[in-house]
Participant: 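Below is a structure I'd like to ask you about.
Please read all numbers here as calculations on a predicted model, not as lab measurements.
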Amino acid sequence: MNNQENLRQAYGKELLKWAKKDERIIALDADLCGSTQTVFIEKEIPQRFFEMGIAEQNMTSVAAGLALVGKIPFVNSFAVFSVGQAYNQIRQGIALPRLNVKIVGSSCGLSDFGDGATHQSIEDISIMRAIPNMTIIVPVDAIETRKVVGEVIKYKGPVYIRINRNDLPNVTKESDQFKIGKMQKITEGKDVVIFACGLMVSQSLKAREILLPQGISLRIINVSTIKPLNKEEVIKFSRDIKKVITAEENNVIGGLGGAICEALEDQEMKITRIGINDEFGQSASCYEDLIKYYHLTPEDIITKVKNLINQ
Amino acid sequence: MSTIKELEKKARIIRLGILEAIGEGQKSHIGGSMSSADLVTALYFHKMRHTHENPKDPKRDRLIFSKGHAVLAQYAALAECGYFPKEELKKTKTLGSLLQGHPEIRTPGIEANTGSLGQGLSIGLGMALGAKLDHKSYKVYVILGDGELAEGQIWEAANTASFYKVDNLIAIVDYNKLQAVGFLKKRYDLGDIRGKFNIFGWKTFEIDGHNMEEIVNTLDEIDSIKGLPSAIIAHTIKGKGISFAENNPIFHNAPLSREQIEKAKKEIQGETILEVKN
Ligand SMILES: Cc1ncc(C[n+]2csc(CCOP(=O)(O)OP(=O)(O)O)c2C)c(N)n1
């Protein structure tokens, strides 16, 4: 888990790799290609990169049109804009007709720390979850990000991919398989099961390291496909332990935590959700300051684990 | 009333304030803040009726930075006017700061939450319509980015403003020819910006956005325009005042090293020693 890698760079390079092989792949960007890293495609295949200007709604509907004539458009911006600015274009024009558009929410969560609340997407997962036909993927690390790109190209239909701005620890292995709709057990444990996505998977692993010498072990599940959520797997991974934590860099309302609670609604289990507690972000001079402020550290997870065990 | 010379000196103080807010090693929107500095100076220190002693005075003129990322210029001006202590500038974009990465109305003197590009002109229009309803004479100035003009909402606001003959709304386009990634001409040409505002029914002006006299005269002239909104297309240079940042796309949003800050300070101060009172 030591080596860190950048997810958006992994995304940009992998998309270029696939675009070289598949002429249907198109990248659209709204004046943020340096951040989203579609700049790789722009440089090598300029004819299949479109600078759409700072006009996300138009960009999103243009992608719908491209999909209708057989292309595989990737729409790129910061998550707040690709989801928030173009919500109705996504809902009416893409999700409803199930068009083959891939929407990329870059600089997700709090990862654009300096820019503050306007640029920090704390509800994109929740918004996208509520739209029928939408698939939502949150890659956990750069290794998985590369696999996600290939898989969403093979999958026909609308997909939202949420990508962190900063380097994150690699928690998966090259040999691991990624499949849309499958979750991955990262570690076995017997006291609490944590369903986590994105940054919060590595945070959970750090919590696990600290807790092991204290005789507490965590079963950590990487839920990279938030939707469709595999209900059978959720039950399978939590049935024996019955103590569940969800952890995400998103509002505790309507995101991964909400999804897991819904999946376990008929089960007798104790569930605690960790995430952003229904408040907006803010500016900070580093990512870590925000992670601490919004209680997303390994220590915060440990507190929640102990509370749950002692209940 | 300040003379042009005094305003030019003020503009340099504002640029130094922007540097203060940028600080060392933190990614900051240098280019777009510096390009707006002269416009902001003319507004706060010449044109607008406002006072820090009563920031919520219902009669005040309002300035909205629709290109919210460049709010550092507004922060510097507000600090210089006394809306909050200058010390706050140093804390810009740190955890818990009064001065966030993008404008928020909890900061004294800030009139609207912006940062998601494209919304400021509509918000300004709402305020301008409110003034008409309340029989108040305040004006609403909105600074727009040229790249920002790609947002369709800008043109929805433009049409609505002329339809309702809102003559107390003034759009100022900080026409620095660059967006985040590069030159508009090359990446996403917006064509004849002035012509577009004309077609949408606006009275338009085209000026040098770094020529204080021109800025001041145009703002004054607009006071007498009745029955339609006005747009000033202000030709500017992104990064204006810092040689290495001028017209350099990298400095849209970049950190500065200690040496770069020192160099920038020297260039902005020039020959004259500026008295910066705290
Ligand atoms: C809706 C929206 N999309 C994207 C962004 C990200 N963004 C911030 S500044 C910027 C470029 C702005 O260019 P311009 O309006 O020309 O401003 P300036 O060059 O004066 O800084 C972009 C794309 C944003 N803030 N809002």
Side-chain angles (χ1 to χ4, degrees), chain A residues 28-39 42-43 46 49-62 76-86 89 107 110 112-121 165-166 280-294, chain B residues 21-29 66-69 71 90-104 106-107 113-119 144-156 178-184 186-191 249-250 252-255:
Chain A
L28 302 122
D29 209 304
D31 192 27
L32 286 170
C33 67
S35 287
T36 64
Q37 301 280 298
T38 54
V39 63
E42 178 179 23
K43 283 214 178 102
F49 170 88
F50 289 91
E51 169 61 84
M52 301 301 287
I54 309 167
E56 296 80 3
Q57 299 179 329
N58 178 55
M59 167 168 74
T60 305
S61 297
V62 167
N76 299 272
S77 186
F78 285 7
V80 270
F81 307 128
S82 51
V83 174
Q85 187 87 343
Q89 281 74 10
S107 290
L110 303 166
D112 184 11
F113 50 86
D115 281 328
T118 53
H119 285 56
Q120 294 161 356
S121 65
R165 182 178 184 84
N166 304 314
F280 285 109
Q282 61 174 305
S283 292
S285 38
C286 62
Y287 193 27
E288 290 68 32
D289 279 359
L290 291 177
I291 298 303
K292 267 200 199 121
Y293 183 87
Y294 290 98
Chain B
I22 289 170
E24 192 187 330
Q26 281 296 337
K27 264 182 74 184
S28 296
H29 290 101
S66 189
K67 43 171 270 186
H69 58 280
V71 70
K90 285 197 191 68
K91 292 186 250 164
T92 304
K93 288 166 75 170
T94 59
L95 194 70
S97 174
L98 183 66
L99 307 182
Q100 291 291 304
H102 292 82
E104 295 194 7
R106 68 186 168 95
T107 305
N113 278 40
T114 57
S116 192
L117 293 165
Q119 301 180 14
L144 300 164
D146 46 7
E148 183 187 12
L149 298 182
E151 288 286 1
Q153 186 177 351
I154 298 285
W155 303 103
E156 296 174 23
L178 279 152
Q179 51 179 3
V181 177
F183 287 90
L184 278 162
K186 207 171 122 222
R187 294 198 65 84
Y188 189 79
D189 195 357
L190 280 153
I250 293 166
H252 167 71
N253 187 14

Participant: I need the minimum non-hydrogen distance between A/Ser283 and B/Gly101, along with the two atoms involved.
Facilitator: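 Looking at all heavy atoms of both residues, the shortest contact is OG-N, 2.8 Å.
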
Participant: Walk me through whether B/Tyr188 and A/Asp31 qualify under side-chain contact (heavy atoms from CB on, under 4.5 Å).
Facilitator: CA-CA 9 Å; B/Tyr188 189 79; A/Asp31 192 27; over 6 Å; no

Participant: At a heavy-atom separation under 4.5 Å, does B/Thr92 approach chain A through its side chain, its backbone, both, or neither?
Facilitator: neither

Participant: Relative to chain A, which segment of B/Glu148 carries a heavy atom at a distance below 4.5 Å: side chain, backbone, both, or neither?
Facilitator: backbone

Participant: Which pair of heavy atoms, one from B/Glu104 and one from A/Ala117, lies closest together, and at what distance?
Facilitator: OE2-CB, 4.1 Å

Participant: Can you confirm whether the side chains of A/Gln85 and B/Glu151 place a donor and an acceptor under 3.5 Å from each other?
Facilitator: yes

Participant: Can you say whether B/Lys93 sits under 4.5 Å from chain A via the side chain, the backbone, both, or neither, judging by heavy atoms?
Facilitator: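 Both backbone and side chain of B/Lys93 come within 4.5 Å of chain A.
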
Participant: For the residue pair A/Cys33 and B/Arg187, establish whether any side-chain heavy-atom pair is separated by less than 4.5 Å.
Facilitator: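 Counting from C-beta outward, A/Cys33 and B/Arg187 do come under 4.5 Å.
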
Participant: Under 3.5 Å, side chain of A/Gln282 to main-chain N/O of B/Gln100, donor-acceptor pair present?
Facilitator: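 No: the side chain of A/Gln282 does not pair with the backbone of B/Gln100.
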
Participant: So which residue, A/Asp289, A/Thr118, A/Leu290, ends up with the most heavy-atom pairs under 4.5 Å with chain B?
Facilitator: A/Thr118

Participant: Can you see which heavy atom on A/Ala55 is nearest to which on B/Ala150, and at what distance?
Facilitator: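 Closest approach of A/Ala55 to B/Ala150, heavy atoms only: CB-O, 3.4 Å.
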
Participant: Can you see which heavy atom on A/Asp115 is nearest to which on B/Asn253, and at what distance?
Facilitator: OD2-ND2, 4.5 Å

Participant: Do A/Glu51 and B/Gln179 touch side chain to side chain, with heavy atoms closer than 4.5 Å?
Facilitator: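 Result yes, sub-4.5 Å side-chain heavy-atom pair found.
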
Participant: Which residue pairs satisfy the salt bridge (Lys or Arg N to Asp or Glu O under 4.0 Å) criterion with at least one member in residues 76-86 of chain A, sequence neighbours excluded?
Facilitator: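 Residue pairs passing salt bridge (Lys or Arg N to Asp or Glu O under 4.0 Å), neighbours aside: none found.
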
Participant: A/Phe113: what forms a ring-ring contact (aromatic ring centres under 6.0 Å, His included) with it, not counting sequence neighbours?
Facilitator: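 Checked A/Phe113 against ring-ring contact (aromatic ring centres under 6.0 Å, His included); zero matches.
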
Participant: Measuring heavy-atom distances to chain A, does B/His29 have an atom under 4.5 Å in its side chain, in its backbone, in both, or in neither?
Facilitator: side chain

